[in-house]
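Since the structure comes first, as structure tokens, the remarks are kept for the end.
For this chain, numbers begin at 1 and follow the sequence in order. Nothing here was measured: the structure is a model prediction, and the numbers come from that model. Order of appearance sets the numbers: ligands from 1, and atoms from 1 within every ligand.
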Amino acid sequence: MQTKIHYHPGDSALIEAVSVLRAGGLVAFPTETVYGLGANGLDREAAKKVYAAKGRPSDNPLILHLYSPEQAERYAYTCPLYYKLALAFMPGPLTVILKKKPIVPNEVTGGLQTVALRVPSHPVARALLEKCDFPVAAPSANISGKPSPTTVGHVIDDMDGKIDMILDGGECSVGVESTIVMIDGDDLSLLRPGAVTPEMLAPFAARVLIDPSLERPLAGNEKPLAPGMKYKHYAPRADVRLLKGDEERVASYMMRYKRCPYVGLMTDEAHYHALRSKRTVCYGKDAKDEAHSLFACLRAFDGMPKVGTVYAPLPSKDGIGLAVYNRLAKAAGFTVIDVTGFAER
Ligand code: TXA
Ligand code: MG
């Protein structure tokens, strides 16, 4: 299949994209979090194509993207807490899970009786959704298991030849996927951490319950609330190892590998100068920056054929740090090396 790419899409490109979607085709588009792989969310056959293009297991449900929070009424049973969250965080990087209405096909929800809804804020996503008279089902536009795409180049790498169209919208500003919450009475369960942090959600709920799968590997009999969180995601080709200890210890541990052709290093701005090499990637100065460039960094190591191991500092879990921690810990299969006792040689 020939994939049509629209750089800087204007009105006519967007109208073309809507007709592709309406006809059951697939269109990748930018959001503020990551690029999405869009399909008509009411079309079962189109949903099946999404799973095929990504190589995604069909029990892993898709998020419906809407232009406005009120459109949720057509697809789900809403509640006052939904509207409080909508007022505070939509359009923006928050996904809410609600009980679904029959109009939403089971192929979209992976057979679940609930549906995930999100109102993205990226201008291209908004312009596209405004023109659609259906919801757009969209997972991240990566091959299943690879880091989510945050640039049009990443989407082209994974989806060229497999989908009808790609809309460019520059680099995604947030860089990690949306926060996912499920409403349970007055409580909120956090299923996936993102830029809307537990601290930001706390004023709206009696309790914000953190799904254990976000912070530790699950035992054989445990299941995460979001089916997608059980898969080893976000993984580059190399093995990722997280280093725990104070900053200077971690940096001096990494220093040993600076010239090793088989090891990649991920570091912050403060230590980049000392650790700089062809295999060292800088992911910014603070947690927000880290979130923004995390997936691009992980993909950069895929372009270094000899690198078999990547070392990165264990991120803090504060604020958006929890989202970075969760993605990196999953990329690392939760492998953490404590370097506290490490003495410099
Ligand atoms: O930022 C985002 O959310 C991006 C952009 C494109 O909007 N989309 C995204 O979709 O990350 P995806 O499919 O890669 O991740 C959706 C996650 C999966 O972990 C899935 O299991 C979970 O949402 N999910 C979807 N519907 C659900 C439901 N009804 N109940 C529980 N989890 C659900
Ligand atoms: Mg994904």
Distance under 4.0 Å to a non-hydrogen atom of His65: what atoms of ligand 1 satisfy this?
5 (C), 6 (C), 7 (O)

Would Asp43 and Arg22 pass as an ion pair if we require N to O under 4.0 Å?
no

Number the atoms of ligand 1 from 1 as they appear, then name those within less than 4.0 Å of a heavy atom of Gly36, with their elements.
6 (C)

Is the shortest distance from a heavy atom of Pro120 to ligand 1 less than 4.0 Å?
no

Is there a donor-acceptor contact under 3.5 Å from the side chain of Asn60 to the main chain of Gly228?
yes

Just so I know, are the side chains of Leu265 and Ser277 near enough to count as touching, which here means a heavy-atom distance under 4.5 Å?
no

Measure the spacing between CG of Leu190 and CG of Leu188 and express it to the nearest 0.5 Å.
9.0 Å

Assess whether atom CZ of Arg259 is packed by more than 12 heavy atoms of other residues, nucleotides or ligands within 6.0 Å.
no

Out of curiosity, is Lys100 lining ligand 1, as in a heavy atom under 4.0 Å away?
no

One finds that the ligand 1 atoms under 4.0 Å from a non-hydrogen atom of Asn60 are 18 (C), 20 (C), 21 (O)

Can you list the ligand 1 atoms lying under 4.0 Å from a non-hydrogen atom of Leu112?
28 (C), 29 (N), 30 (N)

Leu98, Thr33, Thr31: member with heavy atom nearest to atom 1 (O) of ligand 1:
Thr33

For the residue pair Thr33 and Arg118, confirm or rule out a side-chain donor-acceptor distance under 3.5 Å.
yes

If you measure from each non-hydrogen atom of Thr114 to ligand 1, which part falls under 4.0 Å: side chain, backbone, both or neither?
both

Within the 4.0 Å heavy-atom shell around Ile180, which atoms of ligand 1 are there?
17 (C), 22 (C), 23 (O)

One finds that the ligand 1 atoms under 4.0 Å from a non-hydrogen atom of Ser178 are 1 (O), 2 (C), 3 (O)

Has Thr109 got any heavy atom lying under 4.0 angstrom from an atom of ligand 1?
no

Please verify the inter-ring angle class for Tyr257 with Tyr311; under 30° counts as parallel, over 60° as perpendicular, anything in between as tilted.
tilted

If you measure from each non-hydrogen atom of Arg56 to ligand 1, which part falls under 4.0 Å: side chain, backbone, both or neither?
side chain

Can you tell me if Thr78 and Glu73 form a side-chain donor-acceptor pair at under 3.5 Å?
yes

Looking at Pro61, is its backbone amide N or carbonyl O close enough to the side chain of Thr109 to form a donor-acceptor pair, meaning the two atoms are under 3.5 Å apart?
no

With a cut-off of 4.0 Å, which atoms of ligand 1 are near a heavy atom of Leu225?
31 (C)

Does only the side chain of Arg192 get under 4.0 Å from ligand 1, or the backbone, or both, or neither? Count heavy atoms.
side chain

Counting heavy atoms only, which part of Ala138 comes closer than 4.0 Å to ligand 1: side chain, backbone, both or neither?
backbone

Say whether Tyr35, considering both its backbone and side-chain N or O atoms, lies within less than 3.5 Å of an N or O atom on ligand 1.
no

From the Mg ion (ligand 2) out to just under 2.8 Å, does an N/O/S atom of Asn142 turn up?
no

Report yes or no: does Asp211 contribute a side-chain atom to a donor-acceptor pair with the main-chain N or O of Leu225 at less than 3.5 Å?
yes

Between Arg299 and Asp158, does at least one N-O distance fall below 4.0 Å, as a salt bridge requires?
yes

Taking the side chain from Asp268 and the backbone from His271, do they hold a donor-acceptor pair closer than 3.5 Å?
yes

Taking only heavy atoms of Glu177 into account, list the atoms of ligand 1 that are under 4.0 Å away from them.
1 (O), 2 (C), 11 (O)

Please report whether ligand 1 has a polar contact with Val34, defined as an N or O pair separated by less than 3.5 Å (distance criterion only).
no

